[in-house]
Amino acid sequence: MKILNCPLNGPRNIAEFIYGGEVTQMPDPNACSDAEWADYVLMENNTAGVIREWWCHAATAYWFIAERNTVTDEIIRTCPAREVFQARVAFDGPAEEGEG
Amino acid sequence: MPFGLLKYGFARKYPAWRQFPPRPDLKPSYDVVVIGGGGHGLAAAYYLSRYHGITNIAVLDKGYLGGGNTARNTAIVRSNYLTPEGVAFYDEALRLFQGLSHEFEFNILYSERGHLTLAHTDAAIRTSRWRAEVNTHLGVDSRLVFPEEIARIEPTMDLSRGVRYPVLGALYHVPGAIARHDAVAWGYAIRAAERGVALHPMTEVTGIEQANGRVTGVVTDRGTVKCGTVIQAVAGMSSVVAKMAGFKLPIRSIPLQACVSQPLKPFLNTIVVSGSLHIYISQSSRGELVMGSASDPYALYSTRSSLEFTEGLMGHLLELFPFLGEVKLMRQWAGITDMTPDFAPVMGTTPLDGYHIDAGWGTWGFKATPACGKNMAALVATGKVPDLIAPFALERFYRFQLLGEKGAASVGH
(Lines give C-alpha, C1' and ligand atoms only; values in the text may rest on other atoms or scores of the structure.)
Protein backbone atom coordinates (compact mmCIF):
# COMPACT_ATOMS: atom_id res chain seq x y z
CA MET A 1 0.00 0.00 0.00
CA LYS A 2 1.34 3.39 -0.97
CA ILE A 3 0.67 6.30 1.37
CA LEU A 4 -0.07 9.85 0.28
CA ASN A 5 -0.02 12.54 2.93
CA CYS A 6 -3.17 14.64 2.49
CA PRO A 7 -2.77 18.16 3.90
CA LEU A 8 -6.34 17.98 5.24
CA ASN A 9 -6.75 14.33 6.27
CA GLY A 10 -3.22 13.17 7.01
CA PRO A 11 -1.56 10.02 5.62
CA ARG A 12 -4.02 7.87 3.65
CA ASN A 13 -3.89 4.95 1.18
CA ILE A 14 -3.19 6.34 -2.29
CA ALA A 15 -6.25 4.42 -3.57
CA GLU A 16 -8.40 7.07 -1.82
CA PHE A 17 -7.03 9.78 -4.12
CA ILE A 18 -7.67 10.84 -7.69
CA TYR A 19 -4.79 12.02 -9.82
CA GLY A 20 -5.43 15.40 -11.44
CA GLY A 21 -2.43 15.99 -13.69
CA GLU A 22 0.44 18.42 -13.67
CA VAL A 23 0.02 21.94 -12.29
CA THR A 24 0.34 24.30 -15.27
CA GLN A 25 -0.31 27.98 -15.81
CA MET A 26 -3.71 28.65 -17.37
CA PRO A 27 -3.57 31.28 -20.11
CA ASP A 28 -6.14 34.07 -19.99
CA PRO A 29 -9.16 32.46 -21.71
CA ASN A 30 -10.34 35.83 -23.02
CA ALA A 31 -7.00 36.88 -24.48
CA CYS A 32 -5.22 33.71 -25.65
CA SER A 33 -5.32 32.18 -29.13
CA ASP A 34 -7.03 28.86 -29.94
CA ALA A 35 -3.62 27.21 -30.24
CA GLU A 36 -2.58 28.41 -26.78
CA TRP A 37 -5.86 27.14 -25.36
CA ALA A 38 -5.48 23.74 -27.08
CA ASP A 39 -1.98 23.59 -25.69
CA TYR A 40 -3.24 24.22 -22.18
CA VAL A 41 -6.20 21.82 -22.39
CA LEU A 42 -4.72 18.92 -24.34
CA MET A 43 -0.92 19.01 -24.42
CA GLU A 44 1.14 17.62 -21.56
CA ASN A 45 4.67 18.28 -20.35
CA ASN A 46 4.68 14.66 -19.17
CA THR A 47 8.01 15.29 -17.47
CA ALA A 48 10.14 12.33 -16.44
CA GLY A 49 11.38 13.68 -13.11
CA VAL A 50 10.08 15.80 -10.23
CA ILE A 51 6.79 17.52 -11.02
CA ARG A 52 4.10 19.45 -9.16
CA GLU A 53 0.67 17.94 -9.66
CA TRP A 54 -2.94 18.05 -8.56
CA TRP A 55 -4.46 15.34 -6.37
CA CYS A 56 -7.94 15.05 -4.91
CA HIS A 57 -8.89 13.13 -1.78
CA ALA A 58 -12.05 11.53 -3.16
CA ALA A 59 -13.86 10.97 0.13
CA THR A 60 -13.62 14.62 1.16
CA ALA A 61 -13.42 16.17 -2.35
CA TYR A 62 -10.32 18.07 -1.21
CA TRP A 63 -7.91 19.23 -3.94
CA PHE A 64 -4.26 19.83 -3.08
CA ILE A 65 -0.81 19.81 -4.65
CA ALA A 66 1.93 17.17 -4.42
CA GLU A 67 5.53 17.13 -5.58
CA ARG A 68 6.37 13.70 -6.94
CA ASN A 69 9.15 12.08 -8.91
CA THR A 70 7.50 10.40 -11.91
CA VAL A 71 10.48 8.08 -12.48
CA THR A 72 10.93 6.71 -8.95
CA ASP A 73 7.32 7.26 -7.77
CA GLU A 74 8.65 9.02 -4.67
CA ILE A 75 6.28 11.60 -3.15
CA ILE A 76 8.47 14.45 -1.99
CA ARG A 77 5.89 16.64 -0.28
CA THR A 78 2.25 17.71 -0.36
CA CYS A 79 0.78 21.12 0.33
CA PRO A 80 -2.57 22.92 0.23
CA ALA A 81 -3.29 24.60 -3.11
CA ARG A 82 -3.15 28.04 -1.47
CA GLU A 83 0.65 27.75 -1.27
CA VAL A 84 0.70 28.00 -5.07
CA PHE A 85 -2.51 29.86 -5.90
CA GLN A 86 -3.06 33.00 -3.85
CA ALA A 87 -5.60 34.79 -6.02
CA ARG A 88 -8.91 33.58 -7.38
CA VAL A 89 -9.04 33.15 -11.14
CA ALA A 90 -11.52 35.58 -12.66
CA PHE A 91 -13.73 34.04 -15.35
CA ASP A 92 -15.96 37.11 -15.70
CA GLY A 93 -14.57 38.44 -19.00
CA PRO A 94 -16.80 39.16 -22.00
CA ALA A 95 -18.55 35.94 -23.06
CA GLU A 96 -17.84 34.64 -26.55
CA GLU A 97 -20.75 34.89 -28.92
CA GLY A 98 -22.44 31.53 -29.16
CA GLU A 99 -24.79 30.22 -31.79
CA GLY A 100 -27.85 30.58 -29.70
CA MET B 1 26.64 -39.78 -28.03
CA PRO B 2 26.47 -36.83 -25.59
CA PHE B 3 30.17 -36.23 -26.25
CA GLY B 4 29.56 -36.25 -30.01
CA LEU B 5 26.75 -33.77 -29.57
CA LEU B 6 29.00 -31.49 -27.52
CA LYS B 7 31.69 -31.68 -30.20
CA TYR B 8 29.09 -30.82 -32.84
CA GLY B 9 27.88 -27.87 -30.78
CA PHE B 10 31.34 -26.36 -30.46
CA ALA B 11 32.54 -27.19 -34.00
CA ARG B 12 33.37 -24.13 -36.10
CA LYS B 13 32.00 -25.98 -39.08
CA TYR B 14 28.47 -25.60 -37.68
CA PRO B 15 28.18 -22.05 -36.36
CA ALA B 16 25.08 -21.14 -34.36
CA TRP B 17 22.34 -19.50 -36.43
CA ARG B 18 22.20 -15.78 -35.80
CA GLN B 19 18.83 -14.12 -36.18
CA PHE B 20 20.31 -10.67 -36.70
CA PRO B 21 23.68 -9.57 -38.05
CA PRO B 22 26.08 -8.25 -35.38
CA ARG B 23 25.65 -4.55 -34.65
CA PRO B 24 27.52 -2.54 -37.30
CA ASP B 25 29.45 0.68 -36.72
CA LEU B 26 27.32 3.81 -36.82
CA LYS B 27 27.73 5.48 -40.22
CA PRO B 28 28.05 9.29 -40.34
CA SER B 29 24.76 9.59 -42.23
CA TYR B 30 21.62 7.67 -43.19
CA ASP B 31 18.66 8.48 -45.43
CA VAL B 32 16.21 7.60 -42.67
CA VAL B 33 16.80 7.17 -38.95
CA VAL B 34 14.18 5.27 -36.99
CA ILE B 35 14.30 6.00 -33.25
CA GLY B 36 12.95 2.96 -31.43
CA GLY B 37 13.65 -0.68 -32.29
CA GLY B 38 10.34 -2.12 -31.19
CA GLY B 39 7.69 -3.65 -33.42
CA HIS B 40 6.60 -0.29 -34.82
CA GLY B 41 10.06 1.07 -35.66
CA LEU B 42 11.21 -2.22 -37.16
CA ALA B 43 8.00 -2.50 -39.18
CA ALA B 44 8.49 0.99 -40.63
CA ALA B 45 12.09 0.09 -41.56
CA TYR B 46 10.93 -3.19 -43.11
CA TYR B 47 8.18 -1.65 -45.25
CA LEU B 48 10.53 1.15 -46.38
CA SER B 49 13.18 -1.36 -47.43
CA ARG B 50 10.82 -3.90 -48.99
CA TYR B 51 8.22 -1.73 -50.78
CA HIS B 52 9.84 1.67 -51.25
CA GLY B 53 13.42 0.82 -52.17
CA ILE B 54 14.88 2.83 -49.27
CA THR B 55 17.50 0.72 -47.50
CA ASN B 56 20.00 3.22 -46.10
CA ILE B 57 18.16 3.15 -42.77
CA ALA B 58 19.37 3.00 -39.18
CA VAL B 59 17.12 1.69 -36.42
CA LEU B 60 18.31 2.97 -33.05
CA ASP B 61 17.22 1.63 -29.67
CA LYS B 62 18.55 2.36 -26.22
CA GLY B 63 17.91 -1.26 -25.18
CA TYR B 64 17.68 -4.46 -27.17
CA LEU B 65 15.33 -4.96 -30.12
CA GLY B 66 11.71 -5.52 -29.17
CA GLY B 67 12.57 -5.18 -25.49
CA GLY B 68 10.24 -2.33 -24.57
CA ASN B 69 6.47 -2.32 -24.80
CA THR B 70 6.62 -4.78 -27.72
CA ALA B 71 7.56 -7.40 -25.13
CA ARG B 72 5.15 -6.13 -22.47
CA ASN B 73 1.75 -6.10 -24.20
CA THR B 74 -0.76 -8.92 -24.04
CA ALA B 75 -0.46 -9.72 -27.76
CA ILE B 76 -4.12 -9.28 -28.70
CA VAL B 77 -5.13 -8.38 -32.27
CA ARG B 78 -8.65 -7.13 -33.00
CA SER B 79 -10.42 -4.45 -35.03
CA ASN B 80 -13.78 -4.03 -33.26
CA TYR B 81 -13.27 -0.36 -32.50
CA LEU B 82 -15.85 2.41 -32.21
CA THR B 83 -14.95 5.22 -34.62
CA PRO B 84 -15.00 4.54 -38.38
CA GLU B 85 -11.40 5.88 -38.59
CA GLY B 86 -10.26 3.50 -35.85
CA VAL B 87 -12.07 0.46 -37.28
CA ALA B 88 -10.62 1.00 -40.78
CA PHE B 89 -7.09 1.43 -39.43
CA TYR B 90 -7.07 -1.53 -37.02
CA ASP B 91 -8.75 -3.72 -39.62
CA GLU B 92 -5.92 -3.09 -42.07
CA ALA B 93 -3.54 -4.09 -39.27
CA LEU B 94 -5.53 -7.27 -38.59
CA ARG B 95 -5.52 -8.25 -42.27
CA LEU B 96 -1.77 -7.67 -42.48
CA PHE B 97 -1.27 -9.74 -39.32
CA GLN B 98 -3.15 -12.65 -40.91
CA GLY B 99 -0.55 -12.83 -43.69
CA LEU B 100 2.52 -11.88 -41.69
CA SER B 101 3.94 -15.38 -41.09
CA HIS B 102 3.86 -15.98 -44.86
CA GLU B 103 5.32 -12.58 -45.63
CA PHE B 104 8.21 -13.20 -43.23
CA GLU B 105 8.51 -16.96 -43.80
CA PHE B 106 8.84 -16.87 -40.05
CA ASN B 107 6.14 -18.08 -37.68
CA ILE B 108 4.54 -15.38 -35.53
CA LEU B 109 2.16 -17.98 -34.01
CA TYR B 110 -0.92 -16.06 -35.16
CA SER B 111 -3.94 -17.75 -33.65
CA GLU B 112 -7.54 -16.70 -34.29
CA ARG B 113 -9.55 -17.17 -31.13
CA GLY B 114 -12.56 -14.89 -31.35
CA HIS B 115 -12.94 -11.95 -28.98
CA LEU B 116 -15.77 -11.50 -26.48
CA THR B 117 -16.35 -8.09 -24.92
CA LEU B 118 -18.75 -8.77 -22.08
CA ALA B 119 -21.55 -6.37 -21.20
CA HIS B 120 -22.91 -6.33 -17.65
CA THR B 121 -25.09 -3.22 -17.88
CA ASP B 122 -27.66 -1.75 -20.25
CA ALA B 123 -25.18 1.00 -21.12
CA ALA B 124 -22.55 -1.58 -22.09
CA ILE B 125 -25.11 -3.44 -24.24
CA ARG B 126 -25.85 -0.16 -26.00
CA THR B 127 -22.14 0.47 -26.70
CA SER B 128 -21.75 -3.12 -27.93
CA ARG B 129 -24.68 -2.68 -30.31
CA TRP B 130 -23.16 0.60 -31.52
CA ARG B 131 -19.78 -1.05 -32.11
CA ALA B 132 -21.41 -4.01 -33.87
CA GLU B 133 -23.24 -1.62 -36.22
CA VAL B 134 -20.13 0.45 -37.02
CA ASN B 135 -18.05 -2.70 -37.49
CA THR B 136 -20.60 -4.44 -39.73
CA HIS B 137 -20.96 -1.31 -41.83
CA LEU B 138 -17.21 -1.35 -42.45
CA GLY B 139 -17.10 -5.08 -43.20
CA VAL B 140 -15.72 -6.18 -39.83
CA ASP B 141 -17.23 -9.33 -38.35
CA SER B 142 -18.72 -8.26 -34.99
CA ARG B 143 -22.13 -9.01 -33.57
CA LEU B 144 -24.06 -8.87 -30.33
CA VAL B 145 -24.51 -12.25 -28.64
CA PHE B 146 -26.55 -13.22 -25.60
CA PRO B 147 -25.94 -15.68 -22.74
CA GLU B 148 -27.22 -18.84 -24.52
CA GLU B 149 -24.78 -18.30 -27.38
CA ILE B 150 -21.98 -17.12 -25.07
CA ALA B 151 -22.35 -20.41 -23.19
CA ARG B 152 -21.68 -22.29 -26.44
CA ILE B 153 -18.70 -20.07 -27.35
CA GLU B 154 -17.09 -20.09 -23.90
CA PRO B 155 -18.55 -23.02 -21.91
CA THR B 156 -16.30 -22.70 -18.84
CA MET B 157 -17.31 -19.14 -18.03
CA ASP B 158 -19.76 -18.57 -15.16
CA LEU B 159 -22.88 -17.09 -16.74
CA SER B 160 -25.13 -17.59 -13.73
CA ARG B 161 -27.21 -14.70 -12.43
CA GLY B 162 -26.08 -15.21 -8.84
CA VAL B 163 -23.00 -13.02 -9.14
CA ARG B 164 -22.49 -9.33 -8.48
CA TYR B 165 -22.27 -8.40 -12.18
CA PRO B 166 -24.12 -10.99 -14.30
CA VAL B 167 -23.26 -11.17 -18.00
CA LEU B 168 -26.12 -9.69 -20.02
CA GLY B 169 -24.53 -10.04 -23.46
CA ALA B 170 -21.31 -9.59 -25.38
CA LEU B 171 -19.82 -8.15 -28.52
CA TYR B 172 -18.47 -11.18 -30.40
CA HIS B 173 -15.64 -10.34 -32.79
CA VAL B 174 -14.81 -13.55 -34.63
CA PRO B 175 -11.40 -12.54 -36.16
CA GLY B 176 -9.95 -11.50 -32.76
CA ALA B 177 -6.57 -13.18 -32.39
CA ILE B 178 -3.36 -13.46 -30.44
CA ALA B 179 0.19 -13.62 -31.83
CA ARG B 180 3.69 -14.06 -30.45
CA HIS B 181 4.67 -10.41 -29.94
CA ASP B 182 8.45 -11.02 -29.85
CA ALA B 183 8.25 -12.95 -33.11
CA VAL B 184 6.55 -10.00 -34.81
CA ALA B 185 9.48 -7.73 -33.91
CA TRP B 186 12.02 -10.41 -34.84
CA GLY B 187 10.33 -11.11 -38.16
CA TYR B 188 10.44 -7.46 -39.14
CA ALA B 189 14.04 -7.13 -37.88
CA ILE B 190 15.34 -10.20 -39.71
CA ARG B 191 13.76 -9.30 -43.04
CA ALA B 192 14.70 -5.61 -42.76
CA ALA B 193 18.32 -6.48 -41.92
CA GLU B 194 18.46 -8.79 -44.96
CA ARG B 195 17.63 -5.78 -47.13
CA GLY B 196 20.43 -3.70 -45.66
CA VAL B 197 18.73 -1.91 -42.76
CA ALA B 198 21.32 -1.26 -40.01
CA LEU B 199 20.06 -2.39 -36.59
CA HIS B 200 21.67 -0.49 -33.72
CA PRO B 201 20.49 -1.78 -30.36
CA MET B 202 22.07 -0.35 -27.19
CA THR B 203 22.31 3.06 -28.87
CA GLU B 204 20.58 5.79 -26.91
CA VAL B 205 19.36 8.96 -28.59
CA THR B 206 20.31 12.01 -26.52
CA GLY B 207 19.42 14.87 -28.85
CA ILE B 208 17.90 15.91 -32.17
CA GLU B 209 19.81 18.32 -34.42
CA GLN B 210 17.82 20.80 -36.48
CA ALA B 211 18.35 23.83 -38.70
CA ASN B 212 15.76 26.20 -40.18
CA GLY B 213 12.85 24.14 -38.91
CA ARG B 214 14.18 20.89 -40.45
CA VAL B 215 15.69 17.88 -38.79
CA THR B 216 19.36 17.43 -39.76
CA GLY B 217 20.68 14.73 -37.47
CA VAL B 218 20.33 12.56 -34.39
CA VAL B 219 22.79 12.67 -31.48
CA THR B 220 23.41 9.32 -29.80
CA ASP B 221 25.74 8.00 -27.11
CA ARG B 222 27.77 6.39 -29.94
CA GLY B 223 28.14 9.57 -32.00
CA THR B 224 26.04 11.82 -34.19
CA VAL B 225 24.37 10.70 -37.42
CA LYS B 226 23.20 13.09 -40.12
CA CYS B 227 19.83 12.42 -41.72
CA GLY B 228 17.02 14.26 -43.47
CA THR B 229 14.23 12.05 -42.20
CA VAL B 230 13.45 10.65 -38.78
CA ILE B 231 10.66 8.38 -37.55
CA GLN B 232 10.14 8.49 -33.80
CA ALA B 233 8.58 5.23 -32.60
CA VAL B 234 9.29 5.13 -28.87
CA ALA B 235 5.84 4.79 -27.28
CA GLY B 236 6.27 4.89 -23.52
CA MET B 237 8.99 7.54 -23.81
CA SER B 238 7.37 9.62 -26.58
CA SER B 239 7.19 12.90 -24.66
CA VAL B 240 10.83 12.68 -23.58
CA VAL B 241 12.13 12.20 -27.15
CA ALA B 242 9.65 14.69 -28.66
CA LYS B 243 10.96 17.28 -26.17
CA MET B 244 14.44 16.81 -27.72
CA ALA B 245 12.84 17.59 -31.09
CA GLY B 246 11.19 20.66 -29.57
CA PHE B 247 7.46 19.93 -29.46
CA LYS B 248 4.89 18.75 -26.94
CA LEU B 249 2.52 15.80 -27.21
CA PRO B 250 -0.97 15.26 -25.76
CA ILE B 251 0.30 12.23 -23.85
CA ARG B 252 0.48 11.06 -20.26
CA SER B 253 2.76 8.10 -19.54
CA ILE B 254 0.76 5.65 -17.48
CA PRO B 255 1.80 2.11 -16.50
CA LEU B 256 -0.35 -0.81 -17.60
CA GLN B 257 0.18 -4.06 -15.76
CA ALA B 258 -0.34 -7.65 -16.85
CA CYS B 259 0.45 -11.12 -15.57
CA VAL B 260 0.52 -14.78 -16.62
CA SER B 261 -0.47 -17.89 -14.72
CA GLN B 262 1.15 -21.30 -14.65
CA PRO B 263 0.41 -23.30 -17.82
CA LEU B 264 -2.88 -25.18 -17.93
CA LYS B 265 -4.48 -27.54 -20.45
CA PRO B 266 -6.31 -25.55 -23.14
CA PHE B 267 -9.80 -24.66 -21.89
CA LEU B 268 -10.31 -21.04 -22.91
CA ASN B 269 -11.48 -20.72 -26.52
CA THR B 270 -11.62 -16.96 -26.90
CA ILE B 271 -10.14 -13.74 -25.63
CA VAL B 272 -12.55 -12.57 -22.92
CA VAL B 273 -12.72 -8.90 -22.03
CA SER B 274 -14.93 -7.02 -19.63
CA GLY B 275 -14.82 -3.25 -19.65
CA SER B 276 -17.12 -2.99 -16.65
CA LEU B 277 -15.04 -5.42 -14.56
CA HIS B 278 -11.74 -4.03 -15.91
CA ILE B 279 -10.31 -7.42 -16.88
CA TYR B 280 -9.21 -9.37 -19.91
CA ILE B 281 -7.91 -12.90 -20.28
CA SER B 282 -6.67 -15.19 -23.03
CA GLN B 283 -4.76 -18.48 -23.07
CA SER B 284 -1.41 -18.52 -24.83
CA SER B 285 -0.21 -21.36 -27.03
CA ARG B 286 1.91 -22.49 -24.06
CA GLY B 287 -1.26 -22.80 -21.97
CA GLU B 288 -0.51 -19.84 -19.72
CA LEU B 289 -3.37 -17.50 -18.96
CA VAL B 290 -2.44 -13.97 -20.01
CA MET B 291 -4.38 -11.50 -17.91
CA GLY B 292 -4.63 -7.77 -17.55
CA SER B 293 -6.69 -5.06 -16.03
CA ALA B 294 -7.23 -1.31 -16.26
CA SER B 295 -4.32 1.13 -16.45
CA ASP B 296 -2.65 2.28 -13.24
CA PRO B 297 -4.38 5.22 -11.56
CA TYR B 298 -1.70 7.88 -12.11
CA ALA B 299 1.14 8.92 -14.42
CA LEU B 300 4.51 7.20 -13.90
CA TYR B 301 7.59 6.18 -15.89
CA SER B 302 8.39 3.18 -13.66
CA THR B 303 7.56 -0.40 -14.67
CA ARG B 304 7.12 -1.69 -11.12
CA SER B 305 4.33 -4.14 -10.33
CA SER B 306 1.81 -3.68 -7.55
CA LEU B 307 -0.30 -5.94 -5.36
CA GLU B 308 -3.28 -3.62 -5.88
CA PHE B 309 -3.27 -4.69 -9.52
CA THR B 310 -3.41 -8.44 -8.89
CA GLU B 311 -5.97 -8.01 -6.09
CA GLY B 312 -8.23 -5.85 -8.25
CA LEU B 313 -7.88 -8.13 -11.24
CA MET B 314 -8.56 -11.38 -9.41
CA GLY B 315 -11.49 -9.99 -7.45
CA HIS B 316 -13.41 -9.74 -10.70
CA LEU B 317 -11.78 -12.49 -12.73
CA LEU B 318 -12.67 -15.17 -10.18
CA GLU B 319 -16.30 -14.16 -10.55
CA LEU B 320 -16.16 -15.23 -14.23
CA PHE B 321 -13.82 -18.22 -13.73
CA PRO B 322 -14.13 -19.32 -10.08
CA PHE B 323 -12.14 -22.53 -10.68
CA LEU B 324 -8.97 -20.47 -11.26
CA GLY B 325 -8.79 -19.73 -7.52
CA GLU B 326 -6.03 -22.30 -6.94
CA VAL B 327 -3.96 -21.40 -10.00
CA LYS B 328 -0.59 -19.75 -9.35
CA LEU B 329 0.68 -16.62 -11.02
CA MET B 330 4.05 -17.03 -12.71
CA ARG B 331 5.01 -13.51 -13.74
CA GLN B 332 3.73 -9.97 -13.36
CA TRP B 333 5.03 -6.90 -15.14
CA ALA B 334 4.17 -3.40 -16.36
CA GLY B 335 4.60 -1.50 -19.59
CA ILE B 336 4.40 2.26 -20.02
CA THR B 337 1.52 3.40 -22.20
CA ASP B 338 1.16 6.69 -24.07
CA MET B 339 -2.34 7.75 -23.01
CA THR B 340 -3.93 10.38 -25.25
CA PRO B 341 -7.09 12.30 -24.30
CA ASP B 342 -9.15 10.56 -27.02
CA PHE B 343 -7.67 7.05 -26.65
CA ALA B 344 -6.44 7.16 -30.27
CA PRO B 345 -2.83 7.21 -31.53
CA VAL B 346 -0.76 10.05 -32.98
CA MET B 347 0.79 9.35 -36.38
CA GLY B 348 2.16 11.60 -39.10
CA THR B 349 4.09 14.81 -39.50
CA THR B 350 5.20 17.17 -36.72
CA PRO B 351 6.07 20.88 -36.44
CA LEU B 352 9.67 19.86 -37.26
CA ASP B 353 10.07 19.17 -41.01
CA GLY B 354 11.33 15.68 -41.82
CA TYR B 355 10.53 14.47 -38.30
CA HIS B 356 7.69 11.95 -38.18
CA ILE B 357 5.84 10.83 -35.12
CA ASP B 358 4.46 7.39 -34.30
CA ALA B 359 3.20 7.78 -30.73
CA GLY B 360 0.13 7.83 -28.53
CA TRP B 361 0.05 4.05 -28.28
CA GLY B 362 -1.87 3.71 -25.08
CA THR B 363 -3.23 0.22 -24.81
CA TRP B 364 -3.66 -0.36 -28.55
CA GLY B 365 -0.08 -0.37 -29.91
CA PHE B 366 0.75 -4.03 -30.61
CA LYS B 367 -2.37 -4.71 -32.68
CA ALA B 368 -1.56 -1.67 -34.86
CA THR B 369 2.03 -2.69 -35.62
CA PRO B 370 1.81 -3.72 -39.32
CA ALA B 371 -0.63 -1.00 -40.41
CA CYS B 372 1.29 1.69 -38.58
CA GLY B 373 4.66 0.55 -39.99
CA LYS B 374 3.28 0.27 -43.51
CA ASN B 375 1.61 3.68 -43.50
CA MET B 376 4.47 5.48 -41.75
CA ALA B 377 6.77 4.01 -44.43
CA ALA B 378 4.44 5.26 -47.17
CA LEU B 379 4.38 8.71 -45.57
CA VAL B 380 8.17 8.89 -45.43
CA ALA B 381 8.66 7.50 -48.95
CA THR B 382 6.03 9.59 -50.74
CA GLY B 383 5.80 12.68 -48.53
CA LYS B 384 2.00 12.33 -48.59
CA VAL B 385 -0.01 11.36 -45.53
CA PRO B 386 -1.93 8.14 -46.38
CA ASP B 387 -5.72 8.50 -45.97
CA LEU B 388 -5.79 5.70 -43.42
CA ILE B 389 -3.65 7.59 -40.88
CA ALA B 390 -4.59 11.18 -41.78
CA PRO B 391 -7.27 11.37 -39.02
CA PHE B 392 -4.61 10.54 -36.42
CA ALA B 393 -2.42 13.59 -37.09
CA LEU B 394 -0.92 15.45 -34.15
CA GLU B 395 -2.53 18.56 -35.58
CA ARG B 396 -6.03 17.22 -34.74
CA PHE B 397 -5.57 18.41 -31.17
CA TYR B 398 -5.18 22.00 -32.38
CA ARG B 399 -8.31 21.64 -34.54
CA PHE B 400 -10.20 20.07 -31.60
CA GLN B 401 -11.02 17.09 -33.85
CA LEU B 402 -10.55 14.32 -31.33
CA LEU B 403 -11.46 10.74 -32.19
CA GLY B 404 -13.37 9.50 -29.14
CA GLU B 405 -12.16 5.90 -29.06
CA LYS B 406 -12.46 5.46 -25.30
CA GLY B 407 -15.55 3.25 -25.41
CA ALA B 408 -13.67 0.59 -27.38
CA ALA B 409 -10.08 1.05 -26.25
CA SER B 410 -10.00 1.75 -22.54
CA VAL B 411 -9.87 -1.78 -21.16
CA GLY B 412 -10.37 -4.12 -24.08
CA HIS B 413 -6.72 -4.01 -25.06
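To find a chain, count down the sequence lines: A is the first, B the second, and so on, and within it residues start at 1.
Minimum interatomic distance between B/Ser239 and A/Asn45 (heavy atoms only, all atoms of both residues): CB-O, 4.2 Å. For the residue pair A/Asn69 and B/Leu300, the shortest heavy atom distance occurs at O-CD1, 4.4 Å. Closest approach of A/Tyr19 and B/Pro297 over heavy atoms only: CB-O, 3.6 Å.
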>> Working note: B/Leu249 + A/Glu44, criterion side-chain contact (heavy atoms from CB on, under 4.5 Å); need CA distance, chi angles, decisive distance, verdict.
In response: CA-CA 6 Å; B/Leu249 292 170; A/Glu44 301 278 347; over 6 Å; no
>> Determine whether B/Tyr398 and A/Asp39 satisfy the following criterion, side-chain contact (heavy atoms from CB on, under 4.5 Å), listing intermediate values before the conclusion.
In response: CA-CA 8 Å; B/Tyr398 289 100; A/Asp39 215 66; 2.7 Å; yes
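In this structure a side-chain-to-backbone donor-acceptor pair under 3.5 Å is present from B/Tyr301 to A/Asn46.
Interface remark: A/Ile14 contributes side-chain atoms only to the contact with chain B (heavy atom separation under 4.5 Å). Heavy atoms closer than 4.5 Å to chain A are found in the side chain of B/Arg304, but not in its backbone.
When each of B/Ala299, B/Ser302, B/Ser253, B/Pro341 is scored by its heavy-atom pairs under 4.5 Å with chain A, the top score falls to B/Ala299.
Shown here is B/Arg399, whose CZ atom has more than 12 heavy atoms of other residues, nucleotides or ligands within 6.0 Å. Summarising the local packing, OH of B/Tyr64 is surrounded by 12 or fewer heavy atoms from other residues, nucleotides or ligands at distances under 6.0 Å.
Between B/Lys248 and A/Leu42 the shortest side-chain heavy-atom distance does not fall below 4.5 Å. You'll find the side chain of A/Arg68 reaches within 4.5 Å of the side chain of B/Tyr298, heavy atoms only.
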